[in-house]
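First the structure, in the form of structure tokens, and then the observations on it.
Only a predicted model underlies this, so the values are computations on that prediction, with no experimental measurement involved. In this chain, numbering begins with 1 at the start of the sequence shown.
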Amino acid sequence: MGICVYLGLSDETAGNQHPDGPAHGDGLLALDTALEAASLAETRLREAIEAIPQGIVFLDEHDRYILWNEKYAQIYERSADLLQRGAKLSDTLRIGIARGDYPEAIGREEEWLEDRIARLRDPGRRHEQWLSSGRCIMIEERRLASGGTIGVRVDITDLKQKEAAFRLLFERNPLAMFVYDHETGCIRSANDSACTLFGYDSTEMTGLPAQRLFPEDLWHAADDLLSSDRSDTADCWSMLRRDGSSIDAVISTRTSDQPDFSGTIVSIFDATERRRIEQRMAHMARHDELTGLANRSYCRQYLSELLENAGPMERVTVAFVDLDHFKPVNDTYGHHFGDILLTEAARRMGDLIPPGSLLCRIGGDEFAVIFHRCSQTQAELVAKSIVTTLSEPFFVQGHIIHIGATIGFAAAPQDSRDTETLLRYADLALYAAKGERRGTCRSFEAAMDAAAQEKNRLEKDLRRAVSENLLEVHYQPIVDLESGAVECYEALLRWHHPERGAVAPDIFVPLAEEIGLIDQIGRFVLTSACSAAMAWPSHIKVSVNVSPLQFRNGNLLSTVISALSTTGLAAERLELEITEAVLMEKGPRPAAIIRNLRAFGIGISLDDFGTGYSSLSYLLNYPFTKIKIDKSFILNLNHEASSRAVIRAVIGLGRSLGLTVTAEGIEREIERDYLREEGCTQGQGYLFGKAAPPPVSSSMASRSAA
């Protein structure tokens, strides 16, 4: 910008023109023209500097004010009254110091003023000046050829605040950060977090070659990273601490070109712990936390990979191992005790697994072994060794524990090359082994799959029968052996399959218990039986069998009360038949349910007496109203003296305890007569009638013992 300032003509120049001659008139005209030109130049200059957003000031060679714009006056608003043409800058500064306009001068007034004048005398370097208004001004001054000075004032308060905020963020950031100098390859500055992370103090970190923070083989790639903008990287870098240890780090970079250097702001996230956690989680996703063995998911994945990569005749065998008698141990001593036992069992099995094979824990007390490139004989020998070692006593917290193991096999390629199929076949083999005899090993056979498929079809059919109300309740009479009169009917569930015909209850009832339908079926039978009994004479009762699972599920009492209230049947006309399996359930629930049922007046009959443990304590501890002699004793009545002895003992026991005794399975008159003579109260069997649809009251008069 060219600047011309008119400061006036000398007297000598003005006196050379004669006032009375033509020359005098021409001189005045020239002077007017010059003055107009100077005024116009000054006006244009003022207009120009007023358009500039920065503060502008012109000083003469004696540092006196000549010209300034409005922005300059606004910046120095507290000293604006001192801005006069001809006033010296040093005088305005001194007055401003006295007023307190310059906080940095407080306590060092003369020193500060000398330094400021020295900067004015030797301009060219930018410097900052804080004002009492809280503003920060950047000052840049240049000398003119005429000896004067032009000064520029820029308000950088916002910039300084941002810089302070950034510095605060940088210095106190918990994330490690440093500034990398592109030219020197060194660290220009680092925050405390970076110093702590890498093990250096701040003086060591400043000026440290960044190459020292990376392994030698990574430096070239790291140098490229530190010289670029990379804020979205997910790569993990290995970095070195001062002591030589390494950390895993995620690095983010942001280049920043400053007037005095070109560099990069580097942020470092220590991912060492995160990587350790990720590795731990990856391990946990594939391994059982308790035993450290491969889990079900990894077992399936490993087997799938083996089968996929195995040659046409390469053998892969899967063995499912189920611990015998583990549940009672867990129930008796608690889960912590059971965990110790499982861990020891896993250790024993692990000692027997050949190289190249994998031991997995796939469930609570279920394990699997995947044998790779082992013959059938080798796999069977290992399996038998597992059975043997798990049959040996365990010593857990001062207790001697005995368990065992049962094992089922399936092998590729002969059984199947499909992962899921092979696992299912091994499970079927295990199921068959457990059903046959625990503590044995059994290989898969095609008949097992056929049986499983048949069971699956039967399950689907049973579900459909339940949902479509295709099950029926039939009734078999229970008679007084003296009079032959019907005293009760036992409700018996029947299923007539459209294709299979009559399906035996001992087939579909256990299936219903297994697939969780027994509660629904039990409600149906109870409601049907109570409803049917409402059509009979009031002295005739109805007897309904109850599954142990109905006791275990805890809904039996509400189900019975609901059936009675819905149908209106008197509680005294209902009998519930239970087996010893109910009484063997641990805990107070079965006893409480039985006592609550009796409190309502409902009869309780102990079914199949004599076939189980038949503990006499059952009869003393539970409020039974009836015991039923199992039909197996009646069928052997004329062939085995021991059967007659048992029958005689049960009848005598019932009489002494005041219980009704009912004999099941009576098919001949000789059996009826014997039982009647021995004092048996009631009888049930084909001799008196088979189970049939609900009888009506008009037909009951004809029902009697022959």
Side-chain angles (χ1 to χ4, degrees), residues 279 281-323 342 345-390 405-436 440-456:
Q279 292 171 356
M281 291 178 66
H283 182 272
M284 289 175 63
R286 302 173 63 183
H287 294 80
D288 171 54
E289 185 175 4
L290 176 65
T291 63
L293 301 178
N295 60 15
R296 179 185 292 272
S297 176
Y298 185 43
C299 174
R300 182 178 283 105
Q301 176 188 338
Y302 181 79
L303 178 60
S304 180
E305 292 173 356
L306 277 185
L307 294 175
E308 183 178 345
N309 298 321
M313 299 307 294
E314 189 173 337
R315 185 181 180 88
V316 177
T317 303
V318 179
F320 275 7
V321 183
D322 185 75
L323 301 187
L342 285 172
R347 187 197 63 76
R348 289 189 187 184
M349 286 188 282
D351 292 341
L352 301 173
I353 304 304
S357 299
L358 181 68
L359 175 63
C360 318
R361 184 187 177 203
I362 58 175
D365 60 349
E366 297 178 357
F367 296 80
V369 184
I370 300 177
F371 295 96
H372 185 211
R373 294 173 179 165
C374 287
S375 66
Q376 180 177 354
T377 301
Q378 289 175 306
E380 288 179 352
L381 286 174
V382 172
K384 290 178 180 178
S385 297
I386 289 175
V387 171
T388 299
T389 191
L390 295 183
T406 305
I407 301 178
F409 289 99
Q414 60 267 38
D415 293 329
S416 175
R417 295 187 65 90
D418 176 71
T419 301
E420 298 303 323
T421 302
L422 201 62
L423 290 171
R424 184 169 62 85
Y425 284 176
D427 194 41
L428 289 174
L430 173 62
Y431 185 81
K434 289 166 63 177
E436 183 177 287
T440 60
C441 304
R442 187 163 179 181
S443 297
F444 170 76
E445 299 172 4
M448 297 176 186
D449 185 41
Q453 298 299 330
E454 174 63 17
K455 179 182 177 183
N456 184 58

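No side-chain heavy atom of H287 sits less than 4.5 Å from a side-chain heavy atom of N295. Considering only heavy atoms from C-beta on, C441 comes within 4.5 Å of F409 through its side chain. Contact of the V382 side chain with the V369 side chain is not registered, since no non-hydrogen atoms from C-beta on lie closer than 4.5 Å.
A346 and L359 get closest at one heavy-atom pair: O-CD2, 3.8 Å. Taking every heavy atom of both residues into account, S297 and A285 meet most closely at CB-O, 4.4 Å. Minimum interatomic distance between P413 and P312 (heavy atoms only, all atoms of both residues): CG-O, 3.7 Å. Minimum interatomic distance between A405 and V387 (heavy atoms only, all atoms of both residues): O-CG2, 3.7 Å. When every heavy atom of L307 is checked against every heavy atom of A412, the shortest pair comes out as CD2-CB, 3.6 Å.
In the model, T317 has a side-chain atom that pairs as donor or acceptor with a side-chain atom of R315 under 3.5 Å.
Checked by atom type and distance alone, the side chain of R442 never pairs as donor or acceptor with a backbone atom of F444 at under 3.5 Å. Under a 3.5 Å cut-off, the side chain of R348 and the backbone N or O of T389 do form a donor-acceptor pair. With hydrogens and angles ignored, the 3.5 Å screen pairs no side-chain donor or acceptor of S304 with any backbone N or O of R300. In this structure a side-chain-to-backbone donor-acceptor pair under 3.5 Å is present from D415 to A411.
Atom CE of M349 sits about 13.0 Å away from atom OG of S385, to the nearest 0.5 Å. Note that SG of C374 and CD1 of I353 are 9.5 Å apart. Values are rounded to the nearest 0.5 Å. For the atom pair E305 CD and I370 CD1, the distance stands at 10.0 Å (nearest 0.5 Å). Atom-to-atom distance recorded for M448:CE and R424:CZ is 12.5 Å, nearest 0.5 angstrom. In this structure, the separation between OG on S375 and CD on E380 is 8.5 Å, given to the nearest 0.5 Å. Separating the CG atom in L303 from the CD atom in E420 is a distance of 8.5 Å, to the nearest 0.5 Å.
Taking a 6.0 Å sphere around OH of Y302, one finds it holds more than 12 heavy atoms contributed by other residues, nucleotides or ligands. Atom CD of Q453 sits in a crowded spot, with more than 12 heavy atoms from other residues, nucleotides or ligands closer than 6.0 Å.
When each of I386, I362, D365, T406 is tested with V321 by the rule side-chain contact (heavy atoms from CB on, under 4.5 Å), just one qualifies, namely I386.
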Practice task
Please step through side-chain contact (heavy atoms from CB on, under 4.5 Å) for the pair R361 and L342, ending with a clear verdict.
Solution key: CA-CA 10 Å; R361 184 187 177 203; L342 285 172; 3.3 Å; yes
